[in-house]
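Have a look at the structure below before the remarks.
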Amino acid sequence: MTPQNSVPKVGFVSLGCPKATVDSEHILTRLRAEGYLISGSYSDADLVVVNTCGFIDSAVEESLEAIGEALAENGRVIVTGCLGAKGDVVRQAHPKVLAVTGPHATDEVMEALHAHLPKPHDPYSDLVPPQGIRLTPKHYAYVKISEGCNHRCTFCIIPGLRGDLVSRPVGEVMEEAQNLVNAGVKELLVISQDTSAYGVDVKYRTGFWNGRPLKTRMAELARAMGELGVWVRLHYVYPYPNVDEVIPLMAEGKILPYLDIPFQHANERILKLMKRPASSENVLQRIRQWRGICPDITLRSTFIVGFPGETEKEFQELLDFLEQAQLDRVGAFTYSPVEGAVANELPDHVPPEVQEERLERLMRLQEEISAEHLALKLGKTMQVLVDNVDEEGAVARSTADAPEIDGLVYISNGDNLSVGDFVNVRITDSDIHDLWAELSDFPSGEC
């Protein structure tokens, strides 16, 4: 227990996707705003908060293990996040937890904290920087523009965990982005469950930023963020027609020429079973149009292999699509029967060994495509953002590389650089995922 008059310390474990990371950052910001200290160890903490993931079975298992570890090492645990929204799963496994909340529940977490670890308000110590508390490095940050999703994809349980779409006010989003840039952030990563639907729930209501009107809409938000003078990267973009509006912004250099757009499959029947847009030919045509407008665009997508009922012929159609689309970055997963997903009730589930064999074939094809794309960069000069520096050189990312999910650029003579630097490099080598480079003689300038 905390000795009288000492400041309570809270341990924090954050699991899951970048959207969950942002939830964690909001809770940590409130904790510091109210004067709690953040502990880096179980033994030094008076209480531990575990922000969980519950999207797929492996994530549920990881979250339950993390809760169990926190209980064993500390004994006083509050659970929040997506797993908390899945009924009594947490309490059945760990009945000794102090409280359980769902995702995006900062107020509920703080209410539980106040009940189990009170902290008198101290106006002299309750200080938080304008950008809030961040779990990412100082030079990049995630900006979550909405919560929830209006789609009902049959493989997904996110709407059940996080609810329908709720867009943040555009002025509030821009204020957060500006505060981050003022604090030294060099890259803003725009995230949500469905970035392209931003503003649909409020009928694209007009808000205000810096004294001028600004619509609550993806293209207008992207353009405004592009005026802040840093890299702006769009993630989780559902393939709506309005996506076409941000491609010219990329061509103009307003935002990064990078689009994270999950297509999930290429076969029309499988897409309809998934309740996803069902026209691969239309997708291929749009990709050609995007590259015509912005030749340097990097396209990242994700796909599900072995969806219930997927035949060998339908899987081959997906491989043919990848050959034609020539996507730069691809993530693929075998279908996992997540508890509560409608697709679990579909007939003809694909055997696990067939799923794995198809996944291996898909990734082998994509590795060939990726290697060919990266080899074309040899000898070229490009701007990169430095993520890490040691005695062996620097590790950076290009405009084509989002943190933690894409490739890296290794700079052999970059040991004198600093994290967060923008520099120009000349590419000297490549492999399936990454590039190697040397510092260029050209000045780097700003982004």
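Aromatic ring centres of Trp231 and Phe422 lie closer together than 6.0 Å. The six-membered or imidazole ring of His433 lies away from that of Tyr410, with a centre-to-centre distance of 6.0 Å or more.
Under the 30°/60° scheme for interplanar angles, the aromatic rings of His114 and Tyr36 are found to lie parallel.
Judged by a 6.0 Å distance limit and a 45° cone about the ring axis, Arg233 is not positioned over the six-membered ring of Tyr142.
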ask   = Given the rule in the side-chain contact (heavy atoms from CB on, under 4.5 Å) test, do Val13 and Tyr42 qualify, once you have shown the distances and angles that lead to the verdict?
value = CA-CA 10 Å; Val13 178; Tyr42 291 123; 3.8 Å; yes

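Side-chain N or O atoms of His104 include none that pairs as donor or acceptor with a backbone N or O of Glu147 at under 3.5 Å.
Salt-bridge formation is detected for the pair Glu310/Arg358: a Lys NZ or Arg NE/NH1/NH2 atom is positioned less than 4.0 Å from an Asp or Glu carboxylate oxygen. The pair Arg217-Glu220 meets the salt-bridge criterion, since a charged nitrogen lies less than 4.0 angstrom from a carboxylate oxygen.
Shortest non-hydrogen contact noted between Gly81 and Asn51 is CA-OD1, 3.2 Å.
Ser370 and Glu367 share no donor-acceptor pair across their side chains, judged by distance under 3.5 Å alone.
Residues satisfying the side chain to side chain donor-acceptor pair (under 3.5 Å) test with Glu357, not counting sequence neighbours, are Arg361. Contacts of Ser398 classified as side chain to side chain donor-acceptor pair (under 3.5 Å), with partners at least two apart in sequence or in another chain: Asp401.
Each ring-ring contact (aromatic ring centres under 6.0 Å, His included) pair with one or both residues in residues 282-309, not counting sequence neighbours, appears once here: Phe307-Tyr335.
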